[in-house]
There are 2 protein chains.
Amino acid sequence: MSYSIKEVADMMGVSTSTLRYYDQEGLLPDLKRVNGIRVFEDKDFKWLRVLNCLKNTNMPIKKIKEYVELAKQGDASLEERYQLILEQKNVILEQIKEWKYYLKEIEYKEWYYETAIKAGTEEAVKDCTPETPTLAVDRIPQKEKNRKKE
Amino acid sequence: MSYSIKEVADMMGVSTSTLRYYDQEGLLPDLKRVNGIRVFEDKDFKWLRVLNCLKNTNMPIKKIKEYVELAKQGDASLEERYQLILEQKNVILEQIKEWKYYLKEIEYKEWYYETAIKAGTEEAVKDCTPETPTLAVDRIPQKEKNRKKE
DNA sequence: ATAAAAGTTAAAGTGAACTTTAAGTCAAGT
DNA sequence: ACTTGACTTAAAGTTCACTTTAACTTTTAT
């Protein structure tokens, strides 16, 4: 089976211009063309699925491109590609950890407002603190990307 | 205790210019000034912690600003603020679900490369598919933000 | 045969979240 | 008193990931 750019865009939940942009950036290797028109085939979906995963877990376009280039080199780059995947797995694990922490934070806020609404005023909870003490700013987990030397 | 912008920046893992930018955007309400110089006090850290949570869970600056404005209105906005927090809790829950899905995907890739490296060639795994079949593109979870009518 | 719909490109534009620059003020140490 | 370093502002610049535009070609439907 073969698919038009519009069909693939709809399947992936992106716009056609986004797919053309990805193609331009070298993120759609070996894409078939008929009279200059892009034709997606079943084999392409295998990669689109990986692309979707990397993209939605914050891997920059440039790094995805690097991965594509490695893949083009064949078996010689297996180890490098493996390392890149391991790195990304770690990114994902760290993210999940972080989001779980923020879930706790927001659940405290949820409790805070429930209590305040019941009481009719924020005064009732104003001096409360989350279980992990509020003032311990150094306990706020910091994203790698945020850390700065300056 | 009071803290300089640099001290706070270091504690939060951001640059001083980022904090000034947040201030400019109205994200640091009631910030004390001495001779025009920003002075952070303990009470500010309570808010900085919430700010940190909202910011790192993808809430746009503009929406955080709305939250700040609601808070300024006092008890009258309790219900609205509660709803905003509930919405954000959902954002977080959805994100965790999504990232857990991508963890499975990447773990398949991890297995894929481990197998290929052992065999010395990708040929050995080329025709394998993850447990959830590769070609079922419609099973790829799509972020709200990605969905388009076009 | 023809009109409309969908495809193409290169290039310019957008929006979010900062970051940098330039010109200046304030505070601390020698 | 003076230099150094941290602070201030407004405004311009940057980066990323698209999105839009304009001019054009190809495909599809009537």
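Residue numbers start from 1 in every chain, and the chains themselves are labelled A, B, ... in the order their sequence lines are given, proteins ahead of strands.
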Roughly, in whole Å, what's the span from [atom1] in [X] to [atom2] in [N]?
| X | N | atom1 | atom2 | answer |
| --- | --- | --- | --- | --- |
| B:Glu7 | D:dA6 | CD | C1' | 11 Å |
| B:Glu25 | D:dT9 | CD | P | 13 Å |
| A:Leu19 | C:dA6 | CG | P | 16 Å |
| A:Ile37 | D:dT28 | CD1 | C1' | 11 Å |
| A:Arg38 | D:dT26 | CZ | P | 15 Å |
| A:Arg20 | C:dA12 | CZ | P | 19 Å |
| A:Leu51 | D:dA17 | CG | C1' | 13 Å |
| A:Lys6 | C:dG7 | NZ | C1' | 13 Å |

Looking at [X], does any N or O in its side chain come under 4.0 Å of the phosphate oxygens OP1/OP2 on [N]?
| X | N | value |
| --- | --- | --- |
| A:Thr16 | C:dG7 | no |
| B:Ser17 | C:dT20 | no |
| A:Tyr22 | D:dC18 | yes |
| B:Thr18 | C:dT19 | yes |
| B:Ser4 | D:dC7 | yes |
| A:Ser15 | D:dC18 | no |

Look at the side chain of [X] and decide which nucleotide, out of [options], has an atom nearest to it.
| X | options | answer |
| --- | --- | --- |
| A:Asn35 | C:dC26, D:dT26, D:dT9 | D:dT26 |
| B:Tyr21 | D:dT19, C:dA16, C:dC18 | C:dC18 |
| B:Ile61 | C:dG7, C:dT19, C:dA17 | C:dA17 |

| task | Please step through side chain to side chain donor-acceptor pair (under 3.5 Å) for the pair A:Glu87 and A:Gln83, ending with a clear verdict. | result | CA-CA 6 Å; A:Glu87 266 179 56; A:Gln83 290 306 322; over 6 Å; no

| said: Assess whether a salt bridge exists between B:Glu123 and B:Lys126, defined as any Lys/Arg side-chain N lying under 4.0 Å from an Asp/Glu carboxylate O. | reply: yes

| Is the shortest side-chain N to carboxylate O distance from B:Glu69 to B:Lys72 below 4.0 Å? | yes

| field | B:Phe45 ring center near B:Tyr3 ring center (under 6.0 Å) | value | yes

| message | With nearest nucleotide decided by heavy atoms, which residue, B:Asp23 or A:Lys62, maps closer to the 5′ end of DNA chain D? | response | B:Asp23

| query | Side chains of A:Trp111 and A:Glu107: donor-acceptor distance under 3.5 Å anywhere? | reply | no

